[in-house]
Amino acid sequence: MMISKILPSVAFTALLVLSMGQASAAPQSELISLKGKNDQDLPMGDMFIMFAWMEDGCIGDGPIYSSINENHNKFISKTMKMKTLAEPNENDEIYEFSIAPRSQWAPGYSPLMKDVSIQTSNEYTEYHIKFANGVKYREQPIAEYHYKFRPESEGGEYVLKFAKNADMQSVWKHFKTRQTSDYMDDSLYDSKARFDRNNNTITCVY
């Protein structure tokens, strides 16, 4: 089953039309595009429909991104499992994380994923999702997605890791800066993803 069946192109196009012209730090029409590098419509099944919120200053708010955010959240929540422990374990942790059985993943996502693993470091618990051959984002081959978080604290990272032969400039040019307010003191700051040319990764830090 192709991921396009999760969000039909006709419905997504209608969402775009309804959302154009809404107030934002930059016009919404400049923050999202259904055109590929040759100015052709993106093919059905492109992972754009799951990660395009990252292009909008790592925020992706507003009706134009609502279905994209919903797809992303479903992709994560149906893949990972969390259990609260009755007592802290030997590492003084109260949460236990695991990978949901493939049969429980959201319909349409399973064929896209080759492997899912969990890694832990001193800072993050990380879900590493390796994509199947042929999976693309904005027509460029994407290899992995890393979802990193601090189980008993705040902050984490969303990481798109592209294949070595990906044309990163054709992807990175779509990632915009958004001015947003800090939730602690309401001060304004510029929010944007980070591009690592050495590793072919695009990262949103939260």
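- When every heavy atom of N69 is checked against every heavy atom of G60, the shortest pair comes out as ND2-O, 2.9 Å.
- Under the 3.5 Å distance criterion, the side-chain polar atoms of R138 are left unmatched by any main-chain donor or acceptor of S170.
- To the nearest 0.5 angstrom, W105 atom CH2 is 7.5 Å from I99 atom CD1.
- Side-chain atoms of E96 do not come within 3.5 Å of backbone N or O of K83 as any donor-acceptor pair.
- Note: L112 CG to M47 CE = 5.5 Å, rounded to the nearest 0.5 Å.
- Of the residues listed (Y95, Y158, F97), the one engaging F149 in a ring pair (Phe, Tyr, Trp, His ring centres under 6.0 Å) is F97, and it is the only one.
- Counting non-hydrogen atoms of neighbouring residues, nucleotides and ligands closer than 6.0 angstrom, the CZ atom of R150 exceeds 12 such neighbours.
- Here OG of S117 is found 7.5 Å from NE2 of H146. Values are rounded to the nearest 0.5 Å.
- Residues passing the ring pair (Phe, Tyr, Trp, His ring centres under 6.0 Å) test with F75 are Y109, sequence neighbours excluded.
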Could you go through the ring-ring contact (aromatic ring centres under 6.0 Å, His included) check for H72 and Y145 one step at a time? CA-CA 11 Å; H72 173 264; Y145 176 61; 5.7 Å; yes
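- Salt bridge status for E55 with K176: absent, with no side-chain N to carboxylate O gap under 4.0 Å.
- Nearest heavy-atom pair across N71 and I49 is ND2-O, 3.2 Å.
- Taken together through direct or relayed side-chain contacts under 4.5 Å among Ile, Leu, Val, Met, Phe, Trp and Tyr, V159 and I118 form parts of separate hydrophobic clusters.
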Which donor-acceptor pairs under 3.5 Å do side chains of residues 197-206 form with protein atoms, sequence neighbours excluded?
residue, atom, partner, partner atom, Å
N199, ND2, D196, OD2, 3.0
N200, ND2, A163, O, 2.9
Y206, OH, K148, O, 3.1

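- We find the CD1-CZ distance between I142 and F48 to be 13.0 Å, quoted to the nearest 0.5 Å.
- Taking 4.5 Å as the limit, some side-chain heavy atom of K81 sits within range of a side-chain heavy atom of P101.
- Rounded to the nearest 0.5 angstrom, H174 NE2 and Q169 CD are separated by 9.5 Å.
- If you chain together hydrophobic residues whose side chains sit under 4.5 Å apart, F195 and M54 fall into the same group.
- Checked by atom type and distance alone, the side chain of T177 never pairs as donor or acceptor with a backbone atom of K192 at under 3.5 Å.
- To the nearest 0.5 Å, atom CD1 of residue I68 and atom CE of residue M50 are 10.5 Å apart.
- In terms of hydrophobic clustering, with Ile, Leu, Val, Met, Phe, Trp and Tyr side chains grouped at heavy-atom distances under 4.5 Å, F162 and F175 are assigned to a common cluster.
- Taking the side chain as every heavy atom from C-beta outward, F51 and Y137 approach each other to under 4.5 Å.
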Side-chain donor-acceptor contacts of residues 127-135 below 3.5 Å, not counting sequence neighbours, with atom names and distances?
residue, atom, partner, partner atom, Å
Y127, OH, S98, N, 3.4
Y127, OH, S98, O, 2.6
H128, ND1, Q119, NE2, 3.3
H128, NE2, E126, OE1, 2.6

